[in-house]
S.K.: 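I am attaching a structure below and will ask some questions about it afterwards.
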Amino acid sequence: MSAADKIFIDMCQDILDNGLSTEGEKVRPKWEDGSFAYTLKKFGVVNRYDLSKEFPAITLRRTAIKSCIDEILWIWQKKSSNINDLNSHIWDSWADENGSIGKAYGYQLGIKHQYKEGMMDQVDRVLYDLKNNPFSRRIITNIYVHEDLHEMNLYPCAYSMTFNVTKEKDSDVLTLNGILNQRSSDILAANNWNVCQYAVLLHMFARTCDMKVGELVHVIADAHIYDRHIPIIEELIKRPTFDAPKFWMNPDKKDFYEFTVDDFRLDDYVTGPKVEKIPVAV
């Protein structure tokens with residue numbers, strides 16, 4: 001069993017056993033038929049993934065690595081908030097007639113700010129600090145911008161990254177770690193998707209800055225299983241598990257802005273069958 005599988009199974013079982021129900025409460029999401037989408041939820045879930053040991057894709061079912069990398073590049077590299085720059089249709093429900101999801105996600109990362117060192121957006125500020133001041137405790141991005149929330153078609157779920165660099169004794173190579181803060185996580189539909197995305201992002205930043213990867217810490221304020229997902233989760237976590245896949249990143253690429261989806265793959269990725277037709281609450 002991979003470490004990612006164990007973390008996922010334990011988290012799901014804890015929510016099923018000890019989660020609190022929102023049934024009957026005032027909730028925003030609805031199912032396609034118009035009924036309210038209630039959840040079982042746990043507050044303050046923290047999961048740690050050691051990226052130096054394995055890539056955290058679960059094997060209970062396949063995580064679509066190409067699609068999730070395409071989305072993280074859309075946000076962090078293209079700094080786009082228009083679905084016409086995205087190859088999948090996961091954001092279609094939140095896009096307007098022009099394809100925009102408003103001033104969310106990539107839009108916020110692409111805004112340039114004035115720093116002592118000059119004008120930079122948040123991504124370039126991270127790259128600058130990792131290269132020039134790696135032991136800074138201030139390498140943080142935040143896209144939960146209150147003055148723009150009313151112009152976002154969906155408030156950011158994964159909204160903040162904190163980067164922290166460590167140096168092991170007797171090692172000349174620095175280690176890049178990260179904390180992903182997430183206000184809300186749909187455990188079935190998006191949890192491992194987000195974990196894989198930000199694991200890849202750490203690998204990209206580490207390569208760009210001549211570092212190695214360390215830990216990804218995932219902090220979730222509201223970790224929930226939707227009511228219609230409960231039987232799917234119950235079946236999923238009873239499946240056989242397999243060894244973690246091997247992560248490959250194109251060794252010829254070093255510039256953060258030159259990576260494409262084709263520069264990544266998971267080798268020896270053995271998984272359980274696909275989960276068909278997952279209902280999505282909007």
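Since this is a predicted model, take the numbers as computed values, not measurements.
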S.K.: Just how far is it from atom CE of Met211 to atom NZ of Lys131, taken to the nearest 0.5 Å?
M.R.: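 If I round to the nearest 0.5 Å, the distance is 10.0 Å.
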
S.K.: Same cluster for Leu174 and Leu127 if Ile/Leu/Val/Met/Phe/Trp/Tyr side chains link at under 4.5 Å?
M.R.: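 Yes; tracing contacts between hydrophobic side chains, which count when under 4.5 Å, links both residues.
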
S.K.: Does either side chain, that of Asp14 or that of Asn18, offer a donor lying less than 3.5 Å from an acceptor on the other one?
M.R.: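 Yes, a side-chain donor-acceptor pair sits under 3.5 Å.
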
S.K.: Rounded to the nearest 0.5 Å, how far apart are CG of Asn191 and SG of Cys196?
M.R.: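 Rounded to the nearest 0.5 Å, the CG-SG separation comes to 9.5 Å.
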
S.K.: Between the side chains of Glu71 and Gln197, does any donor sit under 3.5 Å from an acceptor?
M.R.: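 Side chains of Glu71 and Gln197: pair found under 3.5 Å.
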
S.K.: For Gln182 and Ser184, indicate whether the former's side chain and the latter's backbone hold a donor-acceptor pair under 3.5 Å.
M.R.: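 Yes.
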
S.K.: Could you work out, with side chain to side chain contact (heavy atoms under 4.5 Å, CB included) as the rule, every residue matching Asp92, not counting sequence neighbours?
M.R.: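 Checked Asp92 against side chain to side chain contact (heavy atoms under 4.5 Å, CB included); matches are Ile83, His89.
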
S.K.: Would you say the side-chain atoms of Tyr257 and Asp124 include a donor-acceptor pair closer than 3.5 Å?
M.R.: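 Their side chains do contain a donor-acceptor pair, which is all the 3.5 Å distance test asks for.
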
S.K.: Is there a path of hydrophobic side-chain contacts, each under 4.5 Å between heavy atoms, that joins Tyr144 and Tyr105?
M.R.: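 Yes; tracing contacts between hydrophobic side chains, which count when under 4.5 Å, links both residues.
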
S.K.: With sequence neighbours excluded, what pairs up with Asp267 under the side chain to side chain contact (heavy atoms under 4.5 Å, CB included) test?
M.R.: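 Testing Asp267 for side chain to side chain contact (heavy atoms under 4.5 Å, CB included), a comparison that skips the adjacent residues, returns Lys246, Trp248, Arg265.
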
S.K.: So which heavy atom on Val213 is nearest to which on Ser52, and how close?
M.R.: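 Looking at all heavy atoms of both residues, the shortest contact is O-CB, 3.6 Å.
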
S.K.: So, Asn181 side chain and Val219 main chain: donor-acceptor pair closer than 3.5 Å or not?
M.R.: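 No, the answer is negative, given that no donor and acceptor are paired below the 3.5 Å cut-off.
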
S.K.: First locate atom NZ of Lys42, then atom CG of Asp17, and finally report the distance between them rounded to the nearest 0.5 Å.
M.R.: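 Spacing of NZ (Lys42) from CG (Asp17) equals 9.5 Å.
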
S.K.: Between Arg207 (side chain) and Phe256 (backbone), is there a donor-acceptor pair under 3.5 Å?
M.R.: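 Absent.
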
S.K.: If we ignore angles and hydrogens, is there a donor and acceptor under 3.5 Å between the side chains of Asn98 and Ser100?
M.R.: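 Asn98 vs Ser100: no donor-acceptor pair found between side chains.
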
S.K.: Could you work out, with salt bridge (charged side-chain N to carboxylate O under 4.0 Å, His left out) as the rule, every residue matching Asp263, not counting sequence neighbours?
M.R.: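 Partners of Asp263 under the salt bridge (charged side-chain N to carboxylate O under 4.0 Å, His left out) test: Lys253.
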
S.K.: Are a donor atom and an acceptor atom from the side chains of Asn177 and Asn164 found within less than 3.5 Å of each other?
M.R.: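 No, because no side-chain N or O of Asn177 sits under 3.5 Å from a partner of the opposite role on Asn164.
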
S.K.: Looking only at atom types and distance, does a side-chain atom of Gln77 sit under 3.5 Å from a main-chain N or O of Ile72, one as donor and one as acceptor?
M.R.: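 Not a single qualifying donor-acceptor pair exists.
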
S.K.: If hydrophobic clusters are built from ILVMFWY residues whose side chains come within less than 4.5 Å, do Ile65 and Val261 share one?
M.R.: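 Yes, because Ile65 and Val261 connect within a single hydrophobic cluster, where side-chain heavy atoms sit under 4.5 Å apart.
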
S.K.: When you measure from the side chain of Lys167 to the backbone of Phe135, do you find a donor-acceptor pair of N or O atoms at a distance under 3.5 Å?
M.R.: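 No, the answer is negative, given that no donor and acceptor are paired below the 3.5 Å cut-off.
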
S.K.: I want to check a possible cation-pi pair here: Arg125 against Tyr115, using under 6.0 Å from ring centre and within 45° of the ring axis as the test.
M.R.: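 Output yes; distance and angle both within limits.
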
S.K.: Using side chain to side chain contact (heavy atoms under 4.5 Å, CB included), reason through Trp94 and Met152 one step at a time and then give a plain yes or no.
M.R.: CA-CA 9 Å; Trp94 290 277; Met152 299 182 190; over 6 Å; no

S.K.: Using the rule that two of Ile, Leu, Val, Met, Phe, Trp, Tyr join whenever any of their side-chain heavy atoms come within less than 4.5 Å, decide whether Leu154 and Ile143 are in one cluster.
M.R.: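 Leu154 and Ile143: one cluster.
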
S.K.: With rounding to the nearest 0.5 Å, note down the distance linking SG in Cys209 to NZ in Lys254.
M.R.: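 Cys209 atom SG to Lys254 atom NZ measures 9.0 Å (nearest 0.5 Å).
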
S.K.: Working note: Tyr38 + Tyr226, criterion ring pair (Phe, Tyr, Trp, His ring centres under 6.0 Å); need CA distance, chi angles, decisive distance, verdict.
M.R.: CA-CA 6 Å; Tyr38 297 114; Tyr226 279 102; 9.8 Å; no

S.K.: Checking the side chain of Glu54 only, and the main-chain atoms of Pro245 only, is there a donor and an acceptor separated by less than 3.5 Å?
M.R.: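 No, because the side chain of Glu54 does not come within donor-acceptor range (under 3.5 Å) of the backbone of Pro245.
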
S.K.: Quick one: hydrophobic cluster around Leu236, which other residues, with the 4.5 Å side-chain cut-off, linked directly or via members?
M.R.: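 Besides Leu236, the cluster holds Met1, Phe8, Ile9, Met11, Ile15, Leu16, Leu40, Val45, Ile58, Leu60, Ile187, Leu188, Ile220, Ile225, Ile230, Ile232, Ile233, Ile237, Val275, Ile278.
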
S.K.: Verify whether one side chain among Ser160 and Asn142 offers a donor that lies under 3.5 Å from an acceptor in the other.
M.R.: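 Looking only at side-chain atoms, Asn142 and Ser160 do not form any donor-acceptor pair under 3.5 Å.
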
S.K.: Tell me whether the count of non-hydrogen atoms from other residues, nucleotides or ligands lying under 6.0 Å of NZ in Lys66 goes above 12.
M.R.: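 More than 12 heavy atoms, drawn from other residues, nucleotides or ligands, come within 6.0 Å of this atom.
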
S.K.: Return the set of residues passing ring-ring contact (aromatic ring centres under 6.0 Å, His included) with Tyr269 (not counting sequence neighbours), or none when no residue passes.
M.R.: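 Expected list: none.
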
S.K.: Minimum heavy-atom separation for Asp121 to Lys79, with atom names?
M.R.: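 Scanning both residues completely, I find the closest heavy atoms to be OD2-NZ, 2.6 Å.
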
S.K.: Indicate the ring-plane relationship of Phe55 and His203, choosing parallel, tilted or perpendicular according to the 30° and 60° boundaries.
M.R.: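 The arrangement is tilted - the two ring planes meet at 30° to 60°.
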
S.K.: Just by distance, no angles: are the side chains of Ser35 and Asp33 close enough, under 3.5 Å, to form a donor-acceptor pair?
M.R.: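 Indeed, the side chains of Ser35 and Asp33 share at least one donor-acceptor pair under 3.5 Å.
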
S.K.: What's the spacing between Tyr155 OH and His150 NE2 if we round to 0.5 Å?
M.R.: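 One gets 9.5 Å once the value is rounded to the nearest 0.5 Å.
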
S.K.: To the nearest 0.5 Å, tell me how far Arg137 CZ sits from Asp129 CG.
M.R.: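 The CG atom of Asp129 is 13.0 Å from CZ of Arg137, to the nearest 0.5 Å.
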
S.K.: Using atom types as modelled and distance alone, determine if a side-chain donor or acceptor of Gln108 lies under 3.5 Å from a backbone N or O of Lys103.
M.R.: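 Yes, the answer is positive, given that a donor and an acceptor are paired below the 3.5 Å cut-off.
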
S.K.: Strictly by modelled atom types, are Gln13 and Asp10 linked by a side-chain donor-acceptor pair under 3.5 Å?
M.R.: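 Absent: no donor and acceptor within the cut-off.
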
S.K.: Testing the basics here: between Arg183 and Ala221, what is the closest heavy-atom pair and its distance to 0.1 Å?
M.R.: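 Looking at all heavy atoms of both residues, the closest pair is O-CB, 3.5 Å.
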
S.K.: Linking Ile, Leu, Val, Met, Phe, Trp and Tyr by side-chain heavy atoms under 4.5 Å, what else ends up with Phe242?
M.R.: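 Grouped by the 4.5 Å side-chain rule, Val270 form the rest of the cluster around Phe242.
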
S.K.: Taking His113 for its side chain and Gly118 for its backbone only, find out whether a donor-acceptor pair lies under 3.5 Å.
M.R.: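 No; zero donor-acceptor contacts below 3.5 Å.
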
S.K.: Hydrophobic clustering (ILVMFWY, side-chain heavy atoms < 4.5 Å, transitive) - are Ile101 and Val145 grouped together?
M.R.: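 As far as the 4.5 Å side-chain criterion goes, Ile101 and Val145 are not connected within one cluster.
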
S.K.: Of all heavy-atom pairs between Ala199 and Leu216, which one has the smallest distance, and what is that distance?
M.R.: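 Where Ala199 meets Leu216 most closely, the heavy atoms are N-CD2, 3.8 Å.
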
S.K.: Does the ring center of Trp193 lie less than 6.0 Å from the ring center of His218?
M.R.: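 When the ring centroids of Trp193 and His218 are compared, they turn out to be at least 6.0 Å apart.
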
S.K.: Describe, in one word, how the ring planes of Trp74 and Trp91 are oriented to each other, choosing from parallel (under 30°), tilted (30 to 60°) and perpendicular (over 60°).
M.R.: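 Tilted: the ring planes of Trp74 and Trp91 meet at 30° to 60°.
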
S.K.: If we count only N and O atoms by modelled type, under 3.5 Å, do the side chains of Asp5 and Thr241 hold a donor and an acceptor together?
M.R.: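 Short answer, no.
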
S.K.: When you measure from the side chain of Arg239 to the backbone of Pro273, do you find a donor-acceptor pair of N or O atoms at a distance under 3.5 Å?
M.R.: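 Yes, Arg239 side chain to Pro273 backbone: donor-acceptor pair under 3.5 Å.
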
